[in-house]
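In what follows, a structure is listed as structure tokens, so that the remarks can point back to it.
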Number of protein chains: 2
Amino acid sequence: MMTINQYIEANKDRFLEELFDLLRIPSVSTDKKFKDEVVKAANFLKNSLLEAGADNVEVCPTQGNPIVYGEKLIGKDLPTVLVYGHYDVQPADPEHLWLTPPFEPTIREGKIYARGACDDKGQTYMHIKAFEYMMKYGQLPCNVKFMLEGEEEIGSVHLADFVRANREKLQADVILISDTSMISNEIPSIATGLRGLSYMEVEVIGPNRDLHSGVYGGAVANPLNVLCEMIASLKDERGRITIPHFYDKVEELSPAERQAMSEAPFDLETYKKELGIEEVFGEEGYSTLERASVRPTLDVNGIWGGYTGEGAKTVLPSKAQAKISMRLVPHQNSEEISQLFAAHFQAIAPKTVKVNVSFHHGGEPVVVSIDSVAYKAAEKAYEKTFGRKPIPKREGGSIPIVAMFKRELGLDSLLMGFGLDSDAIHSPNEHYGIFNYLKGIETIPYFYQYFAEMSQK
Amino acid sequence: MMTINQYIEANKDRFLEELFDLLRIPSVSTDKKFKDEVVKAANFLKNSLLEAGADNVEVCPTQGNPIVYGEKLIGKDLPTVLVYGHYDVQPADPEHLWLTPPFEPTIREGKIYARGACDDKGQTYMHIKAFEYMMKYGQLPCNVKFMLEGEEEIGSVHLADFVRANREKLQADVILISDTSMISNEIPSIATGLRGLSYMEVEVIGPNRDLHSGVYGGAVANPLNVLCEMIASLKDERGRITIPHFYDKVEELSPAERQAMSEAPFDLETYKKELGIEEVFGEEGYSTLERASVRPTLDVNGIWGGYTGEGAKTVLPSKAQAKISMRLVPHQNSEEISQLFAAHFQAIAPKTVKVNVSFHHGGEPVVVSIDSVAYKAAEKAYEKTFGRKPIPKREGGSIPIVAMFKRELGLDSLLMGFGLDSDAIHSPNEHYGIFNYLKGIETIPYFYQYFAEMSQK
């Protein structure tokens with residue numbers, strides 16, 4: 001028998017090659033033209049689970065993209081881990097900014113560059129390889145179930161239906177998710193909070209057609225100018241969001257919690273330098289770490305309208321559009337915030353335009369307890385493989401399904417993420433460290449071991 | 001011999017067919033991919049001039065698109081009319097909003113629908129057909145020169161060089177241009193003023209790459225939000241432009257002039273209804289007609305950044321861009337205003353971003369005298385064909401070359417436009433009334449006749 005370290009050493013080339021094959025599939029869920037690729041990625045994972053030794057593996061159809069399910073049940077009295085991951089990825093655009101093509105994985109300086117390398121194909125595939133090891137050497141200490149979806153990047157549209165329809169089958173003791181980041185490769189951390197999300201799209205409509213800016217300019221409200229004014233008014237000079245009642249339910253951290261956060265390793269100068277910015281910006285009275293994790297946000301994710309081609313066109317356009325999303329913090333509710341946004345955006349529209357507001361998707365904020373058996377088992381596993389205790393850390397991103405799992409299955413999730421904030425997920429040149437990929441594969445079996453042991457106590 | 005009316009009656013189908021052939025050429029000057037089409041349109045006009053009887057016709061190369069020149073010189077002691085027109089057109093986009101394809105001219109309800117139908121292929125071609133009539137029946141009463149360019153929609157980039165290099169050849173008594181509009185088919189008008197233009201492009205750059213809006217949102221300035229805030233700040237709540245010194249040189253109309261303008265036929269309810277808007281918007285204290293003609297403007301002509309595809313992408317983008325143009329009124333100077341804009345836009349940029357400002361093109365505002373022989377001859381010609389005296393009217397659009405002609409050739413221009421504001425130039429479904437096209441062909445020979453007669457007095 002090999003130890004997990006020996007097994008990784010002997011198989012790491014294959015582990016990389018297999019992941020590369022998965023990364024070559026452009027399974028972009030937000031764009032329908034990649035529909036076939038999404039299905040291809042699902043089938044790839046089905047085969048990977050089968051080869052690793054899972055039973056009852058199937059690609060379960062949904063109204064949208066399929067969910068890959070597989071399991072290994074070894075004993076009714078043993079605890080059960082339900083592994084969640086997602087095989088869909090963000091769009092690769094702007095593609096011209098990638099140094100190497102987004103769907104041709106390339107290694108540079110010890111990192112795998114590809115869309116999905118970290119988020120979440122790399123982090124999902126670690127679990128299958130860790131499972132492969134445990135199966136191969138009879139080291140699986142508990143039951144395991146896999147549920148790998150293809151709609152995480154578009155709001156897990158059909159996952160709740162699947163979960164509701166399979167409540168019995170999905171029963172477990174904890175949900176294990178690797179879709180977050182650590183502080184650094186030297187300082188492991190476990191995510192203990194996630195922000196929620198409300199993602200909106202707005203349309204500002206002025207005249208019934210594009211107009212000549214000379215003939216009509218100055219006399220007719222320009223929807224592009226109006227949209228800019230409306231967006232600008234959504235924050236005040238202190239960086240506070242102006243939507244009425246937006247902050248009503250926002251969890252305020254205690255001075256002790258803020259103190260603890262301020263002690264987390266963070267260097268503002270390095271942060272600014274790494275992003276190439278001279279100054280940071282955010283809500284007055286909060287630190288950068290707080291702004292990026294425990295405070296809500298409002299960001300324009302996309303804006304367009306008028307003439308955007310080469311050269312100049314003197315047009316006063318009929319329409320302006322934007323995608324605007326808000327990150328939410330504990331106690332805020334995604335649907336409620338979406339409604340507050342829509343009502344406010346309509347209310348601030350001048351009479352010169354018509355406004356349409358629609359809702360893309362959302363998710364609820366989450367706080368993870370650090371007192372659970374699962375958290376303590378994970379803490380011990382990281383200590384074993386990293387040589388130091390992980391730090392509990394609030395994350396700024398959203399994994400909306402964590403709140404849904406709690407609601408529908410009554411289960412808590414454990415967020416064992418091995419990525420780094422600098423992995424450029426959702427950006428050009430997304431990457432994932434080979435160190436991180438292999439460290440994940442190494443740490444996961446220890447988690448299973450400790451979780452099984454500690455559950456029995 | 002036929003009268004011009006009889007000639008039009010006998011030839012109108014051919015006049016339309018020939019114009020349709022010209023309209024089928026997508027001579028879009030702002031987009032390099034149409035380069036060959038632009039040259040094709042120039043050659044088309046060369047042939048039209050030759051067939052109508054012009055001498056010395058040539059397609060003159062420039063550093064950019066060629067200029068078509070032709071002339072008929074019949075006597076040194078006779079006055080000379082220099083006809084200016086342009087054969088390039090605006091881009092057709094958004095193409096999906098056209099009811100019939102932009103480069104397949106179609107007649108609906110007495111109107112020719114096509115990109116360039118009015119601006120300015122239709123209005124240019126009238127002059128060639130009027131010239132054809134005068135040549136055919138020995139009715140040309142003075143010398144005529146044609147100068148038809150292919151870069152009007154991109155700021156006539158190479159026309160000034162051409163004019164400077166051909167000062168002798170271009171000597172004339174007046175420049176005749178049909179590239180403006182009338183009040184209505186029942187109420188003819190002659191343009192007596194044009195606004196100038198400064199067309200800028202701005203770029204707001206934040207982080208050195210697109211970021212995940214969850215990981216960084218709230219902590220890093222979002223260039224899209226910043227651009228919106230900067231644009232919003234360019235106007236105050238009274239609709240006044242906030243760029244320092246922007247209004248310093250703006251011509252203020254006398255109460256008498258404002259009174260005269262207020263008596264021009266205009267119905268605000270019809271105007272709003274025709275545009276499908278509930279309310280107009282513009283600078284406080286001025287009427288809609290004033291806002292659209294004698295007051296300067298600032299309009300966003302295009303904006304883009306972030307994710308603009310289908311669905312949602314939670315990105316905090318690296319960059320935001322916009323095209324912003326200002327219409328200028330007499331005494332404002334395009335270069336000076338462009339510099340004021342650039343300096344102000346840099347000055348209001350927060351330290352969280354970098355800003356680039358570039359200049360596309362511009363043009364100076366113009367006022368045309370109503371006391372010239374040319375104006376009085378035109379007035380008489382319109383009275384002859386429309387049965388009523390034309391009203392002098394300030395226009396909101398820009399024909400930057402009018403100021404350039406004055407500067408380089410010392411010549412005044414006469415703006416005999418036959419279009420309507422509702423012709424949707426620069427918009428989808430641009431059109432030009434068959435009535436207007438033929439009325440132009442009918443009126444132009446009378447202008448030549450009266451201009452020659454009145455010049456001799």
Side-chain angles (χ1 to χ4, degrees), chain A residues 30-31 90-91 154 195 199 207-215 217-222 224-225 228-229 231-232 275-282 288 291-292 295 297 299-308 310-316 325 327 351-352 360 396-398 421 425-427, chain B residues 30-31 90-91 154 195 199 207-215 217-222 224-225 228-229 231-232 275-282 288 291-292 295 297 299-308 310-316 325 327 351-352 360 396-398 421 425-427:
Chain A
T30 202
D31 192 338
Q90 283 276 318
I154 50 169
R195 291 196 280 196
Y199 199 113
N208 51 19
R209 62 177 191 276
D210 283 4
L211 302 177
H212 185 293
S213 72
V215 178
V220 174
N222 180 329
L224 294 182
N225 291 66
C228 287
E229 288 155 18
I231 288 173
L275 295 174
I277 55 176
E278 203 176 314
E279 274 190 20
V280 294
F281 174 78
T288 291
R291 290 166 174 173
R295 299 300 299 171
T297 70
D299 272 296
V300 182
N301 303 107
I303 193 167
W304 68 102
Y307 183 68
T308 58
E310 197 188 341
K313 183 169 190 255
T314 48
V315 64
L316 190 168
S325 69
R327 297 282 168 175
K351 276 196 172 172
T352 54
H360 269 298
S398 308
D421 280 353
I425 62 168
H426 293 210
S427 305
Chain B
T30 203
D31 192 337
Q90 284 276 319
I154 51 169
R195 292 196 280 196
Y199 199 113
N208 52 17
R209 63 178 190 276
D210 284 4
L211 301 177
H212 185 293
S213 73
V215 178
V220 174
N222 179 330
L224 294 182
N225 291 66
C228 288
E229 287 155 18
I231 287 173
L275 295 174
I277 56 176
E278 203 177 313
E279 274 190 19
V280 294
F281 175 78
T288 290
R291 289 166 175 173
R295 298 300 298 171
T297 70
D299 272 298
V300 181
N301 304 107
I303 193 166
W304 67 103
Y307 183 69
T308 59
E310 197 189 339
K313 183 170 190 255
T314 48
V315 63
L316 190 168
S325 70
R327 298 280 168 175
K351 276 196 171 171
T352 53
H360 270 296
S398 309
D421 280 353
I425 63 170
H426 293 212
S427 305

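Below, chains carry the letters A, B, ... as their sequence lines are ordered, and counting in each starts from 1.
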Problem set entry | chain B contacts, top residue of A:Val315, A:Ile154, A:Thr288 (heavy-atom pairs, under 4.5 Å) | A:Val315
Problem set entry | Expected output: side-chain A:Asn301 to main-chain B:Tyr307 donor-acceptor under 3.5 Å | no
Exercise. Is a side-chain donor-acceptor pair under 3.5 Å present for B:Ser427 with A:His212?
Worked result: no
Problem set entry | Reference residue B:Leu316; test side-chain contact (heavy atoms from CB on, under 4.5 Å); the match among B:Asn225, B:Asp210, B:Val215, B:Asn222 | B:Asn222
Seminar exercise, completed: Per-residue tally against chain A (heavy atom, under 4.5 Å) across B:Thr297, B:Ile231, B:Leu224 peaks at B:Leu224
Exercise. In terms of heavy-atom pairs under 4.5 Å with chain A, which of B:Gly311, B:Gly396, B:Ala232, B:Gly276 leads?
Worked result: B:Gly311
For this session: Can you tell which part of B:Ile277 gets under 4.5 Å to a heavy atom of chain A, answering side chain, backbone, both or neither?
Result: side chain
For this session: Answer whether the closest heavy-atom distance between the side chains of B:Ile303 and A:Trp304 falls below 4.5 Å.
Result: no
Exercise. Most heavy-atom pairs under 4.5 angstrom with chain B, which of A:Cys228, A:Pro207, A:Pro91?
Worked result: A:Cys228
For this session: Quick one: pull up NE2 in A:His426 and CD in A:Gln90 and give me the separation to the nearest 0.5 Å.
Result: 4.0 Å
Exercise. Do any N or O atoms from the side chain of A:Arg195 and from the backbone of A:Gly397 form a donor-acceptor pair under 3.5 angstrom?
Worked result: no
Exercise. Can you tell which of A:Ser325, A:Ala312, A:Ser398 has the highest number of heavy-atom pairs within less than 4.5 Å of chain B?
Worked result: A:Ala312
For this session: Sort out for me which of A:Ala292, A:Gly306, A:Gly302, A:Ala221 touches chain B most, counting heavy-atom pairs under 4.5 Å.
Result: A:Gly302
Problem set entry | Minimal non-hydrogen separation, A:Glu279 against B:Thr352, with atom names | O-CG2, 3.5 Å
Problem set entry | Between A:Lys313, A:Arg295, A:Arg291, A:His360, the one whose heavy-atom pairs under 4.5 Å with chain B are most numerous | A:Lys313
For this session: Tell me, for A:Glu310 versus chain B, whether the close heavy atoms (under 4.5 Å) come from the side chain, the backbone, both or neither.
Result: both
